[in-house]
Amino acid sequence: MPSPYNPYMPIQRLSSLLVNQIAAGEVIERPASVVKELVENSIDALSTRIDVTIEVGGKELIRISDDGGGIAIDQLPLAIAPHATSKISEADDLNAIATLGFRGEALASIASVSRLSILSRPREQVEAGLIEIEGDVGGEPRPAGGAPGTVVTVRNLFFNTPARRKFLRTDQTETGRISDMMQNLALAHPEIGFTLHIDRRQKLDLPPRQTPTDRALSTLGNELREELLELKANERGIGMWGLVGRPSIARGTSKHQRVFLNGRLINDKSISHAIKEAYRGLLDHSRWPTIVLFLQIDPSMVDVNVHPAKAEVRFRNQSSIHGAVLNAVRATLHKADLTPRFDLNRTQSLAGALAIPGAPLPEFGSGLEAKPLGSSSSTPASSTFVDYFKRLDPQQKGFIYSEVREALAIEAPEMITDPQPQDQHEEKLPGVKAVENVLQIHSSYIVTQDAEGIVIIDQHALHERVMFEKLKARIESSSGGGNLESQRLLMPATIQVDRNQAEAIGELQDLLTRIGIEAELMGPTTVAVHAFSSLLFERNVDPVDFMHDFLEKAINMGLNHDPEAALHEVLDMMACKAAIKAGDRLTEPEIEELLAYRQTVERSSNCPHGRPTTLRLSLADLEKQFGRR
Ligand code: ADP
Ligand code: MG
């Protein structure tokens, strides 16, 4: 038991072991921190290969071996001494740090909380040196055999600091953190080859001299290839390269968002904010983008000496970094067609499921195309559908409903939803509306085609985005005072509210004026709406319903205290309420108008909540599904 603190005790110097253990408290939190510090040392030593071995979550063994510059035998005691480094020598060096390490405390810290040995040989030396230290015992180097480079072995981490050891998680969790750390280190250094062995199993084998893209795909998974967009930019002295994930691969945690500054993984609130901002409207609030972003800036423009593990940095010019990242990520997303593709890899291939073993699939040009469309009504529908696509002329731009229907030999049943009398010559399917090249199906989806394949649009989601962008543009435009048009109501609409909502009405006046709503308190719990947003009015939105929902949301989200968020939310709500609904039958001009907007409106691939508006099934995927490839 430690003795209780006595306030009359004299001041004394702490032993160097204790000093180092205190420092270790900041730098070495868990096995993954040891891996990080040691691999960073190997990277600083200009290694071309780094091999990492761990056992029992890194608690029993961590070994890092490299082929870098090595440490001369007489320097080994200094390497493990605190505040001893070869990377800086004077105060000025702190202004422009070009290495990952510089504090000279990692090895001393690790040595104080583990059983450490370093075997190292500079290339020009014939013999290696070995130093072993346990707590403060040992530390005399002696000659030994070894290849050029350095092998650092850390055993029994925290054996002498039980408090720390207690805080470690299960072996599996610690192993997971080490793997994540290795991924990040490897991502930042595609020029270096890495291996990772966990409990004698090889988990990572990355060759040296990979391109950044290849390294990213081999660490993150090659299946992401189609989902990542390359970012390349140079703005305000900030070089940027990265892979920006489509909204479809966003995740529930921020773990897949990685930002590297001059080869160092950093965690920077302002950059995270810029990234989130660039994805605004493409992602739901709870999702984080998958993104790998490398920033290269003059080291003198950033202070990396603000965090013991150097995970946080301070920029000379925070706002220009924010602006540059925001612009670059936004532009990358903007350039791309973000329409998500059907995930056919997850579903069983239709052709595979249908194929009879041994029976060859009919080949393209096997004579089937000679039959006129519709003459094959006796063949089962599935095969005629295949036939139809087989004989589809790739040059033929039109996608004509009646032909498909005939090819499918679908009997035209009676209209259920359309009360209008049937045209004798125009047979229709229930809930199907055919404009040229376009179908509306189930009064909810619009199906059309583009150069790549079939495009399916959720009419509500797309219209919601269109409305949102229109409203936003109008409110941001200076002409017209930035307020939305307003329509006076012949009779004011009255709404019963609770006391909180009544109070909020006062605080929300500015916002209401901006969106064209004039509402005032008429009694302690009654609100009168005198004028309503023209757009909502035209779209038959009920003022009472709207105000109810709006006030409820305003209170729940505390919008009366955050004008910027409130504006975004209310535009969102207006767009949603004004948009055509699933189940609304659209006229041909309405469909055409909606499709025209799809081409012009920003971020038309996603609704304002980040859900997709559009899905694409490419011809290539179709071919695959039909067993053509
Ligand atoms: P820092 O990296 O901040 O300088 P460390 O305690 O991590 O401090 O390392 C101390 C010194 O030991 C380094 O400055 C470097 O000269 C030397 N060193 C450590 N690891 C290696 C290695 N793998 N290869 C060559 N030299 C190394
Ligand atoms: Mg170091």
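It should be emphasised that the depicted structure is a prediction, and the values quoted were computed from it without experimental measurement.
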Is there a donor-acceptor pair closer than 3.5 Å between any side-chain N or O of R316 and the backbone N or O of S300?
yes

Electrostatic pair E60:R155 at N-O distance under 4.0 angstrom
no

Test: R30 cationic atom under 6.0 Å from F167 six-membered ring centre, within 45° of axis:
no

Side-chain heavy-atom pair Q257, N267 within 4.5 angstrom cut-off
no

Taking all atoms of both residues into account, what is the closest heavy-atom pair of E105 and V27, and its distance?
OE2-CG2, 3.7 Å

Of all residues at least two apart in sequence or in a different chain, which pass the side-chain hydrogen bond (donor to acceptor under 3.5 Å, both in side chains) check with T85?
none

Can we say R115 and E134 salt-bridge, meaning some charged N sits less than 4.0 Å from an Asp/Glu carboxylate O?
yes

Is there a donor-acceptor pair closer than 3.5 Å between any side-chain N or O of Q21 and the backbone N or O of S112?
yes

I would like to know whether R63 and T153 meet side chain to side chain donor-acceptor pair (under 3.5 Å); could you show each step before the answer?
CA-CA 4 Å; R63 174 178 291 135; T153 307; 3.2 Å; yes

Between R246 and E226, does the salt bridge (charged side-chain N to carboxylate O under 4.0 Å, His left out) criterion hold? Intermediate values first, please.
CA-CA 9 Å; R246 292 173 182 274; E226 301 288 319; over 6 Å; no

So that I know where these two stand, are F468 and H568 an aromatic pair - ring centroids less than 6.0 Å apart?
yes

Is the side chain of R225 donor-acceptor paired with the backbone N or O of L217 at a distance under 3.5 Å, no angle test?
no

Single hit among I266, N262, I97 for side chain to side chain contact (heavy atoms under 4.5 Å, CB included) with V304
I97

Mark yes or no for whether T253, through its side chain, and K255, through its backbone, hold a donor-acceptor pair below 3.5 Å.
yes

Please determine, by modelled atom types, if D66 and S42 share a side-chain donor-acceptor pair under 3.5 angstrom.
yes

Ion pair check, D458 and R611, cut-off under 4.0 Å:
no

Measure across T614 and S604 and return the closest heavy-atom pair with its distance rounded to 0.1 Å.
OG1-O, 4.3 Å

Is it true that a side-chain atom of R165 and a backbone atom of F158 form a donor plus acceptor pair closer than 3.5 Å?
no

Got a second to check how far R287's CZ is from D284's CG, nearest 0.5 Å?
7.5 Å

Between the main-chain N or O of T195 and the side-chain N or O of D205, is there a donor-acceptor pair closer than 3.5 Å?
no

Does F294 offer a backbone N or O that forms a donor-acceptor pair with the side chain of R258 under 3.5 Å?
no

Ion pair check, E132 and R142, cut-off under 4.0 Å:
yes

Is I131 close to P77 at the side-chain level, that is, under 4.5 Å between some pair of heavy atoms?
yes

Worked check of side-chain contact (heavy atoms from CB on, under 4.5 Å) between L282 and L338:
CA-CA 9 Å; L282 292 174; L338 298 178; 3.8 Å; yes

Strictly distance-based, threshold 3.5 Å: is any side-chain N or O of R121 a donor or acceptor partner for the main-chain N or O of Q125?
yes

Considering all heavy atoms, the nearest N305-D303 contact:
N-OD1, 2.9 Å

Taking atom types as modelled and ignoring hydrogens, do the side chains of S270 and Q318 form a donor-acceptor contact shorter than 3.5 angstrom?
yes

Residues forming a side chain to side chain contact (heavy atoms under 4.5 Å, CB included) with T170, sequence neighbours excluded
Q172, T173

Which atom of E127 lies closest to which atom of A144, heavy atoms considered
CG-O, 3.4 Å

If the threshold is 4.0 Å, N to carboxylate O, is there a salt bridge linking K59 and D171?
yes

Residue pair I73 / P143: nearest heavy atoms and the distance that separates them:
CD1-N, 3.6 Å

Nearest heavy-atom contact between L204 and M182 is CD2-CB, 4.2 Å

Is the side chain of T48 donor-acceptor paired with the backbone N or O of I192 at a distance under 3.5 Å, no angle test?
no

